[in-house]
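Before any comments, here is the structure.
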Protein chains: 2
Amino acid sequence: MIAYSTSRAPQEIRSFDKSRAEPVSFALKQSQPALFFPAGSEIYGQGEKAGNLYQVEFGAVRVYRLLSDGRRQISAFHLAGETFGFEANSTHHSFAEAIVGTGIHAFCLPTGADFSRELLPLALRGMTRAQEHLLVLGRQNAIERVAAFLVDMAERQGGLNEVELPMSRQDIGDYLGLTIETVSRIFSRLRSKGIIKLRGLRTVEISRLATLEAMCE
Amino acid sequence: MIAYSTSRAPQEIRSFDKSRAEPVSFALKQSQPALFFPAGSEIYGQGEKAGNLYQVEFGAVRVYRLLSDGRRQISAFHLAGETFGFEANSTHHSFAEAIVGTGIHAFCLPTGADFSRELLPLALRGMTRAQEHLLVLGRQNAIERVAAFLVDMAERQGGLNEVELPMSRQDIGDYLGLTIETVSRIFSRLRSKGIIKLRGLRTVEISRLATLEAMCE
DNA sequence: CGTTGACTTGAAGGTATTCAAGCTTTGTGG
DNA sequence: CCACAAAGCTTGAATACCTTCAAGTCAACG
């Protein structure tokens, strides 16, 4: 069993990077200042009242659910420019935490129709991603899951062959429905096959992207 | 490997049951007639242009994705009163099929802000369900998955202890990320423990709901 | 009444997990 | 800057769970 609580208070920040951001209207953007969340700090918790929309300025976020015995499933990672936090019934059904030191812009959500129109595409994109992830968890084996994860991370970082993984092996395991040992073994297998190189613990160079992509069709 | 294609053309129908329906505005409802889809027929396919919203009048629908080698993951079942079919980028990323003979009301979706406001809660509910299902597939074992499935079906059928399962064991397996043999074995195990009774192949009586619920916390 | 498809059950096998040990990296204090 | 401690990661061996393969049963239908 693993404990997942390391919470510190967020701090206000002033500057952030706006490249590759999902579009959110100017009116919304004015409503709240950007905040800095230290690594491991909670952004919101299950059961809390929802109503804010969050956009990552820099850093990375994990959104997850827990079973009563502590088993954890990360439903999504959110990187710079990505938006998260909208929920049904105005109540958070998940936890959100900063993985590393993370700058987040929070928007207070009015209930107007204009904002519904703006939010719907974001919600639908989130649902499409969740459905893709369901296919991975339900029907792919360990090596296919890790391949899918690496391909996704590479795409979201602009298609570079050098991918930064801000999250731990535990996070990756909890995202892919695997143990840390299995994730580690698969990384080693991909490395020994010459498909990836491990530049550092959190830096992966993808040597043969096409091979990796072929693994998760 | 299993083939999943048995498609016939839908037919127009005139009457349907409106109880327990998810709320959709009157204006939308006028736009299209209700259709009858025979068992196994396709409602829409992956890659098709989206734009309609569908509401089940009676029967049941499966929404799924395929891997290139034919492995299938059902992301959701939709029963009477439930709404489905909205997609990101106006393109279907999944297939939808009638499981049994099914009456479906199709709504043509205008792009106005009013409808966004109406659709957002439905989309968010869908995402919450997908996230719950991710936890099941990623972190629960076979018996917990089947328990979660039965509890969910019982709830959606009004909390009766007699549950109708319109779908086959193959469908259940492809929804839960298990094989039909495993699903069958778990049903037998639950039966021998006195937790459920199998009235027929597609009819389950839940004798001890609390026990079943405790299995999927 | 025989045939077909769906479901159940059994046995063997494979993949991921669990348990355990060792290694590497990171951070802290001297 | 080095030494040490702590945390995170990797690797190995044994185990467990689910799958695969196979046979047999049940139900629906012509």
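As the structure is a computational prediction, the values presented were derived from the model and not from experiment. Naming convention: chains lettered A, B, ... in sequence-line order (proteins, then strands); numbering from 1 in each chain.
B/E42 approaches B/E48 most closely through the heavy-atom pair OE2-OE2, 3.4 Å. Minimum heavy-atom separation, B/Q140 to B/C216: NE2-CA, 3.5 Å. The two residues B/G47 and B/T91 make their nearest non-hydrogen contact at O-CG2, 3.7 Å.
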Dump every N/O contact between nucleotides 25-27 of chain C and the protein below 3.5 Å, one line per pair.
none

Please list each protein N or O that sits under 3.5 Å from an N or O in nucleotides 17-21 of chain C, with the distance.
residue : atom : partner : partner atom : Å
C/dT17  : OP2  : A/T179  : N            : 3.3
C/dT17  : OP2  : A/T179  : OG1          : 3.2
C/dT17  : OP2  : A/T182  : OG1          : 2.4
C/dT18  : O4   : A/R185  : NH2          : 2.8
C/dC19  : N4   : A/E181  : OE2          : 3.2

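Residues B/L35 and B/Y54 form no side-chain contact, since every pair of their non-hydrogen atoms from C-beta on lies 4.5 Å or further apart. You'll find the side chain of A/L165 reaches within 4.5 Å of the side chain of A/F149, heavy atoms only. Side-chain contact check for B/Q73 versus A/V136: every heavy-atom pair is 4.5 Å or farther apart. Side-chain atoms of A/H92 and A/Q46, non-hydrogen and from C-beta on, never get closer than 4.5 Å to each other.
In this entry the distance linking CG of A/L165 with P of D/dC9 reads 10 Å, nearest Å. The distance between atom CZ of B/R189 and atom P of C/dT9, rounded to the nearest whole Å, is 13 Å. As rounded to whole Å, 12 Å separates atom P of C/dT9 from atom CD1 of B/I186. The CZ atom of B/R199 sits 18 Å away from the C1' atom of D/dA27 (whole-angstrom rounding). Distance, A/L198 CG to D/dT10 C1': 11 Å, rounded to whole Å. In this structure, B/I99 atom CD1 and C/dA6 atom P are separated by 14 Å, rounded to whole Å. Note: CD1 (B/I180) to P (D/dC21) measures 13 Å, nearest angstrom. Here the P atom of nucleotide C/dT9 and the CG atom of B/L190 are 12 Å apart, to the nearest Å.
Ring-plane geometry between A/F84 and A/Y44 is classed as tilted, the angle between the planes lying from 30 to 60 degrees on a 0 to 90 degree scale.
Cation-pi geometry between A/R72 and A/F95 is not met at under 6.0 angstrom from the ring centre and within 45 degrees of the axis. Within the cation-pi definition used here (under 6.0 Å to the ring centroid, within 45° of the axis), A/R156 does not qualify as a partner of A/F77.
Residue A/S94 forms a side-chain contact (heavy atoms from CB on, under 4.5 Å) with just one option from A/V63, A/L66, A/I74, and that option is A/V63.
Taking side-chain N and O atoms only, A/R169 has no distance below 4.0 Å to OP1 or OP2 of D/dT11.
Across all strands shown, B/R191 has heavy atoms under 4.0 Å from sugar-phosphate atoms exclusively, and none from any base. Within the nucleic acid shown, B/R202 comes within 4.0 Å of sugar-phosphate atoms alone, with no base atom in reach, counting heavy atoms only. B/S168 comes within 4.0 angstrom of sugar-phosphate atoms only, judged by non-hydrogen atoms across all strands, and of no base.
Interatomic distance, CG of B/L122 versus CD of B/E82, reported as 11.0 Å (0.5 Å rounding).
With axes fitted over five pairs at each extremity, the angle between the ends of the helix from C/dC1-D/dG30 to C/dG30-D/dC1 is 40° (10° resolution).
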